[in-house]
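Written below as C-alpha cells is the structure these notes are about.
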There are 2 protein chains.
Amino acid sequence: MLELTVDLGDRSYPIFIGSGTLSDASKLTPRIRAKQVAIVTNETIAPLYLDKLKSLLNDFDVIDFDVIDIVLPDGEAFKNLQTLEAVFDGLLQARHNRTTTLIALGGGVVGDMAGFAAACYQRGVEFIQIPTTVLSQVDSSVGGKTGVNHPLGKNMIGAFHQPNAVIIDTDLLATLPDRELSAGIAEIIKYGLICDPEFYAWLQANIDKLMARDTDALVYAIHRSCADKAKVVAEDEKESGIRAILNLGHTFGHAIETHLGYGEWLHGEAVATGMVMAAELSCRLGDIAQDQVEQIKVLLQQANLPVLPPEGMTPDDFLSIMAVDKKVLDSRLRLVLLEQVGKAVVTSEFDRSKLDEMLAEMCVC
Amino acid sequence: MLELTVDLGDRSYPIFIGSGTLSDASKLTPRIRAKQVAIVTNETIAPLYLDKLKSLLNDFDVIDFDVIDIVLPDGEAFKNLQTLEAVFDGLLQARHNRTTTLIALGGGVVGDMAGFAAACYQRGVEFIQIPTTVLSQVDSSVGGKTGVNHPLGKNMIGAFHQPNAVIIDTDLLATLPDRELSAGIAEIIKYGLICDPEFYAWLQANIDKLMARDTDALVYAIHRSCADKAKVVAEDEKESGIRAILNLGHTFGHAIETHLGYGEWLHGEAVATGMVMAAELSCRLGDIAQDQVEQIKVLLQQANLPVLPPEGMTPDDFLSIMAVDKKVLDSRLRLVLLEQVGKAVVTSEFDRSKLDEMLAEMCVC
C-alpha cells in the first residue's frame, strides 16, 4: 500500500492507495470523529460495496458506530441541488448532528455531492472519500473541490471542503465498466501533459497494462497522479493561480458536457477531446509540434477515448458556453494551454483568431 | 457615523453605522472587486430602496458597474434551497463570473440567502451586506453565518462566509413595520443579557426611545450590539466554544419557529420567548433570581414581545425538535443559560429535571 499526504496546513489529509485498502479498518475508523456516520453512495455502487463498508465499520469493536446510508440515483444528470436535498433529508431524518462524518462511497458525482453536503450541513461537517472509479480516485477525491451542476453550467454551485482522508482501493475497480476506466485514464494522461513529462513517457509505454487493469500499473499510475495533483493543490488551494492548470481540456470539455446535457459523454471523455483541442490550439500558437499533438491523440485513442467534438456542435456553441465558464475573469477568456508536452500554462494572452481557426477545423457540423 | 471592525485576520471587515450611510458611495464602491454587481433583495424592499442603491452605483463615475438585481419573495418561508436556486439562475443568466460581488439589500433572510449564494456561487464570491431591519443590522450581518432552512430544521444548510463590508443606514428603518422593530430589539436585549450588563441597564432606561425610533438611541444600540457581537465572533469565528452564547434563547426559539412553520412568528419574537425560557431555567438552577426573570419579561413586554410559548405547543414538541438542534453534540442537549444577568454560559451540565419542570410550567396547552 502506498500513502501520501496532501499538504494544506491544518487541513492536511492522507491518501491511502493499494489493493485491499478497504479491508483495513485501521485506515478508516481513526478518522471518524464521533459515533454518527452517514454513507452517501449510489444505486450502482450500493449493491456492490455498501455491505462491505458497513461490516468494516461494525467489526471495529472499540466504537459502536451509528451508521446510516443515503443511496442516490446514479449519474451526472442527478448532480444537482434537488438530489443534494435528499442527502440533507437523510441526515436530518436520522438526526445527525455537527459531529457526524459523511463517507462518500462512489465515483466523482457521489464524491462531489457528499463533499458539498458535508460543507453545508450545519455549516460544515467532516467527510471521508472512498472513490470507486479511476476518475474520482485521481481527480475529484484530491483537492477539496465539491459541488453540483446548474442547468446553465457545470460545478457552478459548490465549496472548497477538504476530506479527513481518502481511501483508494484498486480492487473496487474490478466492477468498473470499460468506458469509465477509459474516462479515468484521460485524467491520468492529463497529469503527464500538464506537469510530469516522465510520467507521460511511462504512460506511452504502459497504456496497454492500464487498459488490461494490471494492479501494479494501476496503483503506480493512480499514486503518481494523486501526487502530481496534491503538489499543485498544496501550492494553490483556492485556485488563485497555478491550480488552474489542472483544468487542461476542461473548458472545452465542460462546454461539450453542457451542450450535450450532463451524462451523455462521461466527464473524462469530454476532457479527452478538450485536451486535444487545447493541444491543437497550442500547436497553432507555435508552442508544441503537430507530431506531438498526433502522439497525444494516439495515446488517448489507445485508451478508447474520443478526440473530436460531438457531431453537430458548432464553434458558436463552444464560445457561447465558454463565456460563462469560471475561468473567465473580467470577461476575458482564459485557457489552459501546453507550453510543452509536460508543462501547461494558464493564459488569456493568446491570438484569438487561432482559437477560432482551431474550432472551425475541429467542429464537424 | 460610527465605524467598527470585525477582527478576523485576513477576513476582517468594517461595519459602518449611521443615519444616511447609504447616501455615501465612498463606503460602498471601494469594496466592490470588479465590474459585476448583483443586488439580491426582496419584493418588499425593492420598491423602497433598490433604485436608491442602483443610482448610488451609477453615480460613481470611476467604474462603470454592470449591475443586475435579483428580487426574491419576502419572508422566512422562502429561505430555502428552491429560492436560493433563483439567485444562481439570475447570476448565471447574466453570466456573472468569479469576480462578481453580491450585495444583500434586505433583512436577515435576504442576508442569509445572498451570503450563502455568495459562499457557493462558483465556490465562493465576495458580498456586501446592507441590512434593512434592526434584527439583521445587529445580528445576521455580523459574523458570517449564512444559510437556508430545511423543513426539518432552521439554518441546517449553510456556510461561514464573511462579507467585505456591512453598511448600516438607520434611515432605512423608517419603513420598518412596528412588529419587526420589536423583533430586532429582542436581539439587542440579548447582547445585554449575555455579555454586557451596562448595556442591559441602558436598555432598561432607554427602551422607550428605541420603540419611538429615536435616531441617536438606535445608532447607539445598534453600534453597541454589533461591537458586542464582533468581539464574541472574533474570539471564536466557527463557533467551537464561546460564540455559542450568541444563541441565548435560540434553541427554544428555533423549536417554536420549526413547530409553527417558518414565518408565523418572527425570529426575534421566538428568541424573546426563548430567552425568557432560558432565564426561567437559569432561575430554577439557582443562577439568577426570580425578580431578575421578571425584569427581563418586563423589558421584553415593553418592546411588545411575547414571553410565553405559542398556545398548544407541548414540552414534547420542544424536546423532540431540540434533539436535532445544531447545539446537540454527541446526543447531549447543550443550552445557553444565564449565570448572571449580563453573563451567559453554554452547558450540557444541568439538572435535566429542571428543564422538564420549566417546560411543563411555561407550556400553555
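Order of the sequence lines fixes the chain letters, A, B, ..., with proteins taken first and strands second; residue numbering starts at 1 for each chain.
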Determine whether [X] and [Y] make a side-chain contact, defined as any pair of heavy atoms from C-beta on separated by less than 4.5 Å.
| X | Y | value |
| --- | --- | --- |
| Asp89(B) | His150(A) | yes |
| Asn155(A) | Arg123(B) | yes |
| Phe88(A) | Leu152(B) | no |

* To do: Measure Thr146(A) against the heavy atoms of chain B and call it side chain, backbone, both or neither at under 4.5 Å.
  => backbone

* Pick one of side chain, backbone, both or neither for Gln82(A), based on which atoms fall under 4.5 Å of a heavy atom in chain B. => side chain

* chain B: which of Gly147(A), Gly158(A), Ala159(A) shares the most heavy-atom pairs with it under 4.5 Å? -> Gly158(A)

* Asked: Which heavy atom of Ala323(B) sits nearest a heavy atom of Arg95(A), and at what distance?
  -> CB-NH1, 3.3 Å

* **Straight-line distance of Leu81(A) CG to Asn80(B) CG, nearest 0.5 Å** => 11.0 Å

